[in-house]
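Heads up: numbering here begins at 1 and tracks the sequence. The figures that follow rest on heavy atoms only: side chains count, while hydrogens, waters and symmetry mates do not.
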Amino acid sequence: MAVPRRVHVVLFVYITLILTAVAVHAQRDTCGAELNTFLPAPFNSSALLCKSVWNSFILRYSKLKSEDNITSIVLSAPYSSGWVGIGFSNDGKMVGSSAMVGWIDNQGRAYIKQYYLSSQTSSGVKVDEGKLLTTDVPSAAVLYGDNIYLVFQVKFPLHIARRSVILAFSKISPNKFHLAEHDGKTTLSFDFSSDDSVSTCYPYQLRRNHGAFAIFGWGVLLPLGAIAARYLRHKDPLWYYVHVLVQFLGYIIGFAGVVSGIALYNRTHSNFTTHRSLGISVLALGSHQVIAFFLHPNKDSQVRKCWNQYHHWLGRICIFLAAINIVLGIELSDTNISWKVIYGAIISVMIISTTFLEVMMCTKLPKEGTCNGGLQMPTHHPNS
């Protein structure tokens, strides 16, 4: 019985697809792949340790030894255009790190350059100014199949096995050695002295949560609660309930920011002493305000006036330190400029609104003397 022609066509297409998939898979790099046919000497892939680190990035390395602190590195990644880079950082941040970046230009010429990242701007990424100590072994960028291989040796000044490694790539090729902004980035904590190194990705989502909680709790809700206490005094007892509710909510969300910050520190061990100290101070002042709420004296008590001054000034200091620490935290992080713009807009709106309300209150209520005492809260509150 003759096989229909349609069956032959279907079988041919099916076999072609299988062979294509096998060929594509064969072009992808794996830790078991043999690279000695195209890697330059003295790099021997069979003598290197291998680890799949991020997406399809594969890092091969020689074990770091205390005698010379030299490691051979072969980084491979899928490549069609743009650039691929690997950086080394003391604190896990891109700013202040040095990176080896490789790419293939439109004429098929391979480049590998060292860059120093002095800032987040394009002008701050400086070619041939990195602080990595390379050896006499020439560095190279090799395109083989669908992958690019960055090959180099680095000599660390100190025998610190675990390093913060930054991986990044862009689909836009460098223009006169100026790098385009990366399309993807991650940070790993990598142990170059271990046969079975376990790389830990930098917790970017945890850092974003920490920043969002801190900004919304300490930087937005606490000032809004203070504004309500000052400019809603004619709405008694509404001002009191709004003030207490907003302040408690701000404290809870701010406390969540502190908890996420502690978890972030336990993961990264970043040495941001000033930021951490200010955060602890803000938490302590905020906690004192919460305790003071439950321990406030009766409005007829002789110490009520002293309690008011204590409550007012601790609140002011807490809000002021929180604002400084938020700005410092944004500056220390590797976040893009949108965080600065958002918080700058929040501060600007609050300053403009407070100025307008202050002028209106001093104009309409000159006899009450509320313009002379700064952020004065009423000395009474509902018994409830």
Side-chain angles (χ1 to χ4, degrees), residues 27 29-31 33-51 53 56-89 94 97-118 125-161 163-170 173-180 182 188 190 192-193 197:
Q27 290 179 344
D29 189 20
T30 62
C31 279
E34 177 59 49
L35 311 182
N36 292 333
T37 56
F38 60 88
L39 285 184
F43 296 93
N44 184 357
S45 62
S46 59
L48 298 177
L49 304 172
C50 184
K51 184 74 175 180
V53 286
S56 298
F57 281 62
I58 293 179
L59 182 61
R60 294 175 173 86
Y61 62 99
S62 61
K63 187 186 295 187
L64 188 67
K65 298 180 180 179
S66 58
E67 294 81 18
D68 52 16
N69 295 334
I70 294 176
T71 180
S72 299
I73 294 178
V74 178
L75 175 70
S76 68
Y79 184 83
S80 58
S81 62
W83 56 264
V84 172
I86 175 172
F88 298 85
S89 170
M94 290 191 67
S97 65
S98 299
M100 299 295 291
V101 179
W103 69 93
I104 311 296
D105 67 7
N106 295 331
Q107 286 73 40
R109 293 172 296 191
Y111 291 90
I112 184 168
K113 290 281 186 179
Q114 185 175 172
Y115 286 82
Y116 179 68
L117 287 73
S118 62
V125 182
K126 301 177 180 180
V127 64
D128 294 328
E129 295 189 17
K131 298 181 179 180
L132 290 177
L133 300 177
T134 56
T135 66
D136 294 334
V137 176
S139 304
V142 181
L143 182 65
Y144 185 80
D146 291 337
N147 301 280
I148 189 172
Y149 295 82
L150 307 189
V151 183
F152 62 96
Q153 281 188 345
V154 61
K155 177 179 175 64
F156 295 117
L158 298 175
H159 186 72
I160 301 176
R163 299 274 175 171
S164 293
V165 176
I166 302 172
L167 303 175
F169 70 92
S170 173
S173 298
N175 182 17
K176 297 180 180 179
F177 302 120
H178 293 292
L179 301 183
H182 56 76
L188 311 172
F190 198 86
F192 285 95
S193 66
S197 177

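- Between I112 and V151, the shortest heavy-atom distance links the atoms CD1-O, 4.1 Å.
- With contacts defined as side-chain heavy-atom distances shorter than 4.5 Å, the pair L133/F156 does not qualify.
- Annotation: K131, atom NZ; neighbour count of heavy atoms from other residues, nucleotides and ligands within 6.0 Å does not exceed 12.
- Residues K126 and S118 share a closest heavy-atom pair of CE-OG, 3.6 Å.
- When side chains are defined from C-beta on, S170 does not count as touching L179, because their heavy atoms never get closer than 4.5 Å.
- In this structure, the side chain of T71 engages the main chain of S62 through a donor-acceptor pair within 3.5 Å.
- Under the 4.5 Å side-chain criterion, counting only non-hydrogen atoms from C-beta, W103 is in contact with F177.
- Ring geometry for F169 against F57 counts as tilted: the plane angle lies between 30° and 60°, on a 0 to 90° scale.
- In this structure, the side chains of I70 and K155 come closer than 4.5 Å at one or more pairs of heavy atoms.
- Between S97 and I166 the shortest heavy-atom distance is OG-CD1, 4.0 Å.
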Exercise for the section: Evaluate the side chain to side chain contact (heavy atoms under 4.5 Å, CB included) criterion for residues I86 and L59: first the C-alpha distance (whole Å), next the side-chain angles of each, then the deciding distance (0.1 Å), finally the verdict. Expected result: CA-CA 10 Å; I86 175 172; L59 182 61; 4.1 Å; yes
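- Remark: side-chain polar atoms of W83 are paired, donor with acceptor, to backbone N or O of A180 under 3.5 angstrom.
- A donor-acceptor pair under 3.5 Å is absent between the side-chain atoms of Y144 and the main chain of L35, judged by distance alone.
- Contact of the S173 side chain with the D105 side chain is not registered, since no non-hydrogen atoms from C-beta on lie closer than 4.5 Å.
- When every heavy atom of F43 is checked against every heavy atom of S72, the shortest pair comes out as CE2-CB, 3.8 Å.
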Practice task
Give the intermediate values and the outcome of side chain to side chain contact (heavy atoms under 4.5 Å, CB included) for residues L75 and L167.
Solution key: CA-CA 10 Å; L75 175 70; L167 303 175; 4.2 Å; yes
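- In this structure, CZ in R60 is found 8.0 Å from CG in L48, a value given to the nearest 0.5 Å.
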Practice task
Carefully, step by step, assess F152 and Q114 under the rule side chain to side chain contact (heavy atoms under 4.5 Å, CB included).
Solution key: CA-CA 11 Å; F152 62 96; Q114 185 175 172; over 6 Å; no
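- Residue I104 holds its CD1 atom at 11.5 Å from CD of Q107, rounded to the nearest 0.5 Å.
- Remark: the backbone N or O of G87 is not paired with any side-chain donor or acceptor of Y115 at under 3.5 angstrom.
- Atom OG of residue S81 and atom CD1 of residue I148 lie 10.5 Å apart, to the nearest 0.5 angstrom.
- A 4.5 Å side-chain heavy-atom check between I58 and S76 finds at least one atom pair inside the cut-off.
- Here the shortest heavy-atom pairing between L117 and A99 reads CD1-CB, 4.2 Å.
- The distance from the CG atom of L150 to the CE atom of M100 is 8.0 Å, given to the nearest 0.5 Å.
- Listed by chain and number, the residues in a side chain to side chain donor-acceptor pair (under 3.5 Å) with S98 amount to none (sequence neighbours excluded).
- Contact record, E129 with Y116: O-CB, 3.2 Å, taken as the closest heavy-atom pair.
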